[in-house]
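From a predicted model like this one, the values you see are computed outputs, not experimental measurements. The first residue in the sequence is number 1, and the count goes up from there.
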Amino acid sequence: MRLLVTRPQPECRRTADRIRAKGYRADEAPMLDFCPKPPEKFDLRNVSALAITSRRAVDVIAKHVQVPEFRPFPVFTVGDATASACRNAGFGQVFSAGGDVTSLAQLIVSKQMQIGAGTMLYPAAQDRSGDLEGALEKAGIDCRMVPVYRMKEAADVPREVEEKLRAGSYDGILIYSRRSAAALLRLLKRRGLDHNFSNLRIYAISQQAAEPLCDYMKVEVAEDPCENALLDLVLGEC
């Protein structure tokens with residue numbers, strides 16, 4: 001069995017290595033590249049807590065000169081992996097929604113008395129799915145979103161991956177985000193490959209991530225939006 005992993009590095013390699021450790025073949029073709037772009041100085045006036053929806057945002061603020069000022073704040077994260085990254089970065093009060101942006105907003109609203117009347121600082125990607133700011137504002141919580149990184153689309157599919165795609169060597173492609181799926185589809189179309197893959201199986205971490213590919217390929221979605229669930233789906237079919 002040969003799989004193609006499309007998430008950004010370094011997660012792409014970690015996922016591929018997990019698959020290889022199970023005795024299967026995995027190739028790496030990140031569809032997005034990580035470009036950190038934090039502000040020189042964050043405005044922390046009236047901030048009472050942080051909301052974080054990705055480990056990449058944690059990586060950025062953990063390396064920022066103001067990280068000692070961030071650490072006393074309670075942190076609300078979208079999932080357990082992001083929560084773990086926050087703890088490893090030195091944050092002491094970390095609460096995980098264990099789900100998606102909707103569940104994160106619900107968690108924050110449920111802790112509103114604990115947070116107080118201050119502002120929720122939301123360091124995030126320049127382009128992102130979900131509307132955490134809107135959901136919190138509807139609940140009367142001020143949310144200050146600050147872009148701290150962007151994900152740049154890959155310029156092309158690696159040549160060796162393209163050759164294997166043309167040869168029908170892959171048993172499936174792993175998709176972790178809607179943007180990665182859309183980038184993959186654009187690159188396949190550019191290389192004249194999209195018409196070959198009506199039977200190619202896509203394994204997506206969520207229905208939202210799968211959407212750009214649903215009309216072109218066979219898509220299966222993980223039971224829960226996390227990597228363990230996705231790998232259970234993929235490797236459970238071997």
Should [X] and [Y] count as an ion pair when the cut-off is N to O under 4.0 Å?
X: Glu133; Y: Arg144; answer: no
X: Glu28; Y: Arg20; answer: yes
X: Asp127; Y: Arg150; answer: no
X: Arg191; Y: Asp156; answer: yes
X: Arg201; Y: Asp171; answer: no
X: Arg7; Y: Glu227; answer: yes
X: Glu163; Y: Arg159; answer: no

Examine [X] and [Y] and state if one hydrophobic cluster contains both, with Ile, Leu, Val, Met, Phe, Trp and Tyr joined whenever side-chain heavy atoms are less than 4.5 Å apart.
X: Leu44; Y: Leu50; value: yes
X: Val148; Y: Tyr122; value: no
X: Val94; Y: Ile115; value: no
X: Leu187; Y: Met217; value: yes
X: Tyr170; Y: Leu185; value: yes

(Q) What verdict does the side-chain contact (heavy atoms from CB on, under 4.5 Å) test give for Arg179 and Met31, after you've listed the backbone C-alpha separation in whole Å, the side-chain angles of each residue and the deciding distance to 0.1 Å? (A) CA-CA 8 Å; Arg179 281 200 68 204; Met31 291 293 104; over 6 Å; no
Let me confirm one number: the [atom1]-[atom2] distance from [X] to [Y], rounded to the nearest 0.5 Å.
X: Ile141; Y: Lys111; atom1: CD1; atom2: NZ; answer: 12.5 Å
X: Leu165; Y: Glu160; atom1: CG; atom2: CD; answer: 10.5 Å
X: Phe95; Y: Leu107; atom1: CZ; atom2: CG; answer: 8.0 Å
X: Cys143; Y: Asp131; atom1: SG; atom2: CG; answer: 9.0 Å
X: Leu230; Y: Asp224; atom1: CG; atom2: CG; answer: 11.0 Å
X: Leu136; Y: Thr119; atom1: CG; atom2: OG1; answer: 11.0 Å

Does any non-hydrogen side-chain atom of [Y] lie less than 4.5 Å from one of [X]?
X: Val5; Y: Asp27; result: no
X: Leu32; Y: Lys152; result: no
X: Val219; Y: Ile175; result: no
X: Phe91; Y: Ile52; result: no
X: Tyr216; Y: Lys189; result: yes
X: Leu104; Y: Asp100; result: no
X: Pro36; Y: Asp59; result: no
X: Val234; Y: Leu3; result: yes

Work out which heavy atom in [X] is nearest to a heavy atom in [Y]; give both atom names and the distance.
X: Pro38; Y: Val60; result: CB-CG1, 3.6 Å
X: Cys12; Y: Ala29; result: SG-N, 4.1 Å
X: Pro30; Y: Gln9; result: CG-CG, 3.7 Å
X: Ala51; Y: Met120; result: N-SD, 3.6 Å
X: Met151; Y: Pro8; result: CE-CG, 3.4 Å
X: Val47; Y: Ala49; result: CG1-O, 3.6 Å

Q.
Under the criterion side-chain contact (heavy atoms from CB on, under 4.5 Å), I'd like the reasoning laid out for Leu235 against Tyr24: C-alpha separation, chi angles, the key distance, then a yes or no.
A. CA-CA 9 Å; Leu235 302 182; Tyr24 304 105; 3.7 Å; yes
(Q) Does Arg56 qualify as a cation-pi partner of Tyr149, given the criterion of NZ or CZ under 6.0 Å from the six-membered ring centre and within 45 degrees of its axis? (A) no
Q) Side chains of Arg18 and Asn228: do they bring a donor and an acceptor to under 3.5 Å? A) yes
Q.
For a side-chain contact (heavy atoms from CB on, under 4.5 Å) check, start with the C-alpha distance between Ile61 and Val67, then their side-chain angles and the critical distance, and finish with the verdict.
A. CA-CA 6 Å; Ile61 64 174; Val67 67; 5.8 Å; no
Counting distance only, does the side-chain N/O of [X] pair as donor-acceptor with the main-chain N or O of [Y] below 3.5 Å?
X: Arg128; Y: Gln126; value: yes
X: His64; Y: Phe42; value: no
X: Thr6; Y: Leu174; value: yes

Q: Take Arg166 and Glu162 through the salt bridge (charged side-chain N to carboxylate O under 4.0 Å, His left out) test and state the conclusion after the steps.
A: CA-CA 6 Å; Arg166 290 189 185 279; Glu162 180 181 341; 3.0 Å; yes
Q: Please assess Gln207 against Cys214 for the test side-chain contact (heavy atoms from CB on, under 4.5 Å), listing each intermediate value before the final yes or no.
A: CA-CA 9 Å; Gln207 188 62 48; Cys214 286; 3.8 Å; yes
Please output the side-chain donor-acceptor pairs of residues 72-82 that fall under 3.5 Å, not counting sequence neighbours, one pair per line with the distance.
from: Thr77; atom 1: OG1; to: Gly79; atom 2: O; distance (Å): 3.0
from: Asp80; atom 1: OD1; to: Ser96; atom 2: OG; distance (Å): 2.7

